Protein chains: 2
Amino acid sequence: MVTLEDVARHAGVSLATASRVLNGSSRNVGRTMRERVEKSAAVLGYRTNVAAQTLARGASNVIGLVVHDLVDPYFAALADGAMRAAEAHGHMVMVGTTHRDPEREIAYVSTLNAQRVRAVLISGSRVTDPDVTSRLRVELDRYRESGGRVACVGQDLLGVGTIAPANREGAAELARSLAALGHTRFAVLAGPPHLITAADRSAGFAEALAGLGLPEPQVIHGPFDRDGGYEAVQEVAGATCVFAVNDVMAVGALAALRSRGVRVPDDISVAGFDDIGPLRDLTPSLTTVRLPLAEMGAQAVELALSGEEGDEPRVVPVECEVVLRESVRPLA
Amino acid sequence: MVTLEDVARHAGVSLATASRVLNGSSRNVGRTMRERVEKSAAVLGYRTNVAAQTLARGASNVIGLVVHDLVDPYFAALADGAMRAAEAHGHMVMVGTTHRDPEREIAYVSTLNAQRVRAVLISGSRVTDPDVTSRLRVELDRYRESGGRVACVGQDLLGVGTIAPANREGAAELARSLAALGHTRFAVLAGPPHLITAADRSAGFAEALAGLGLPEPQVIHGPFDRDGGYEAVQEVAGATCVFAVNDVMAVGALAALRSRGVRVPDDISVAGFDDIGPLRDLTPSLTTVRLPLAEMGAQAVELALSGEEGDEPRVVPVECEVVLRESVRPLA
DNA sequence: CTCCATTCGGAAAGCGGTTTCCAGTATGCC
DNA sequence: GGCATACTGGAAACCGCTTTCCGAATGGAG
């Protein structure tokens, strides 16, 4: 392993000078020395030891990202945005997937803290269990006390900077759009009750209906994934329009309906939430609520990195946009 | 920041003892001391500084993964598998996305080398340009010389352990299956000529047709993504069956055909390659060649981590399996 | 009771950088 | 010419943890 010392010796300069030349420093080095060092580094094939650098500097150039599941296109898009932004700052991204286990979320924060990553990004819905949330907060606070930066994508419950999608309002807007098409009897594939994102969307939808004087929707709980949608939609009774609280569930619902010979949108309308990219080519194309996922990921990076140590955490609202497509049709 | 020294002092033991207790060591520590140290660590909220640990040990516990694009479900599945396997070894995964730029692939290897990651996983198709490949090899060799482990998912061109999917054979097998259904006139949406994965699949398909005495397929080049499939399929002339060299392109092709009112599979059959999970609910469901992506990601981790320093790199072949679904229909 | 083999705690030397503090030289100004 | 003022290079003190090497203590065997 070629070390900085090897380079310094080879170039006939001190360690300090070599360091200043090769790893950005505020001080500059004379042209002669600089060139000698650069040449030696190239000849020897020197590569900075980031671990040593991190130790000496007390700060790494890695950002930690905690997601539920990378295979879920929602998180893939978020991660992609975050990685692009991180790269612009010269950082790399370390990813931890919790597979929806809140305990592992806590464990990852601890691990990332040990890594002394520059910032931690937490994404995915919070859960209603206050104990879990408070234990996560403790872990995050510990991290922040030692200078760590944190941002969250989701609900503002962690006392940290948050990118907060307007789940409630988006779902409400969707409800109004669907009602405007003449639908009055709705079912909501609401996901698990303990996931706040799911609950917010479901509640926002129901509230908007109530505001319009329409009957309460039929609410069906189940898992937050494709199979959850598949199962839940089977229990729908008498609705003309089904709202799945995320696109992945909507896909499951479409599959189930198709397999039972129910035509969408002729027999029933279906809408989702998120506007997942790879799902755009579905037939019928899915009515949904668009969230700028990649952008949110990038914003989270900026939010975490910006601001001073003691600043009050900021909450950045993210607007959603209803996108009407083929899976919904106007009622006569 | 609480350091190990703080813990040692608080517990009234030496640094060495504290280290042995808190960060796995081959030597064990007496019960009394051990408990004292553990208690102090808990009280003070000690968290190992992994950078220091990495420096002292000369080896980190992170694995670097280089992918083309996380949003592409192919890589998301691969990454997921790799992350699960890494976690089983107590490692974390650092991801770099190249967005299909070979230069960035090289740059990432260099960065990951600087990070002294335990292993580097390179995934995604190699390119035909020998210069790019050899520069990547140089970078990888440099890394391996300093003790780094490398594994590759794709073509065995880097002189490192490789998980090698049977692209050629899989495509050939697909061709034979489609021919068995009566198709004789094929078009191949072949992707870019410089991507070896694309070229292999295209070639394997054509070879199998030749072996059956069937006419050569119409070969249409274009980008390796959804839009590439969308565009390329427009040029198909006179084929009864279209083979897109990956599923994502097939999705684009389906979309284009639908928008032109061409029915699949009634008017034309379509097949893809990879068997991407989130695409399973497409209508019509896609005939494709299944690759066990998550498993391949996990295997890559094992392959990189296993074996001794000087071992001859192993090549692990991965079999594919043809999956016939609705997007293809038998020809009268 | 002595002696040897273990076991266990501690001191200290790194691991590979960064950065502060010093000193020497060159420059600017009166 | 004399002196204050940048610049620039180098010595050395860390950053926090691991691990080797020692010495002391413990326990079993003879």
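Sequence lines set the chain letters: A, B, ... in the order given, protein chains first and strands last, and positions in each chain run from 1. Everything numeric here is computed off the predicted structure, so don't read it as measured data.
The CZ-C1' distance, from B:Arg20 to D:dT20, rounds to 10 Å in whole Å. In this structure, A:Leu22 atom CG and C:dT19 atom C1' are separated by 16 Å, rounded to whole Å. Distance B:Arg27 CZ to C:dT6 P: 15 Å, rounded to the nearest Å. Distance CZ (A:Arg34) to C1' (D:dC7): 14 Å, rounded to an integer number of Å. The interatomic distance linking B:Met33 (CE) with C:dG10 (C1') rounds to 11 Å, in whole Å. Spacing between atom CZ of A:Arg31 and atom P of C:dA26 amounts to 19 Å, rounded to whole angstrom units.
Which of C:dG10, D:dG10, C:dC8 sits closest to the side chain of B:Ser14 comes down to C:dG10.
Between the side chain of A:Thr98 and the backbone N or O of A:Arg100, at least one donor-acceptor pair lies under 3.5 Å. Put simply, the side chain of B:Ser123 never gets that close to the backbone of B:Cys152: no donor and acceptor are under 3.5 Å apart.
The side chain of A:Asn28 contributes no N or O atom lying less than 4.0 Å from OP1 or OP2 of D:dC7.
Shortest non-hydrogen contact noted between B:Leu78 and B:Leu293 is CD1-O, 3.3 Å. Minimum heavy-atom separation, B:Ala76 to A:Val71: O-CG2, 3.9 Å.
Between A:Glu139 and A:Arg135 there is no salt bridge, since no side-chain N of the basic residue sits under 4.0 Å from a carboxylate O of the acidic one.
B:Gly30 comes within 4.0 angstrom of the backbone, heavy atoms only, and of no base.
Side chain to side chain, A:Arg47 and B:Ser110 meet the donor-acceptor criterion of an N or O pair below 3.5 Å.
The residue among B:Val13 and A:Ala16 whose nearest nucleotide of DNA chain C is located toward the 5' end is B:Val13.
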Heteroatom pairs (N/O) under 3.5 angstrom, protein to nucleotides 13-17 of chain C:
{"unit_1": "C:dG17", "atom_1": "OP1", "unit_2": "A:Tyr46", "atom_2": "OH", "d": "3.1"}
{"unit_1": "C:dG17", "atom_1": "OP2", "unit_2": "A:Leu4", "atom_2": "N", "d": "2.5"}
{"unit_1": "C:dG17", "atom_1": "O5'", "unit_2": "A:Tyr46", "atom_2": "OH", "d": "2.8"}

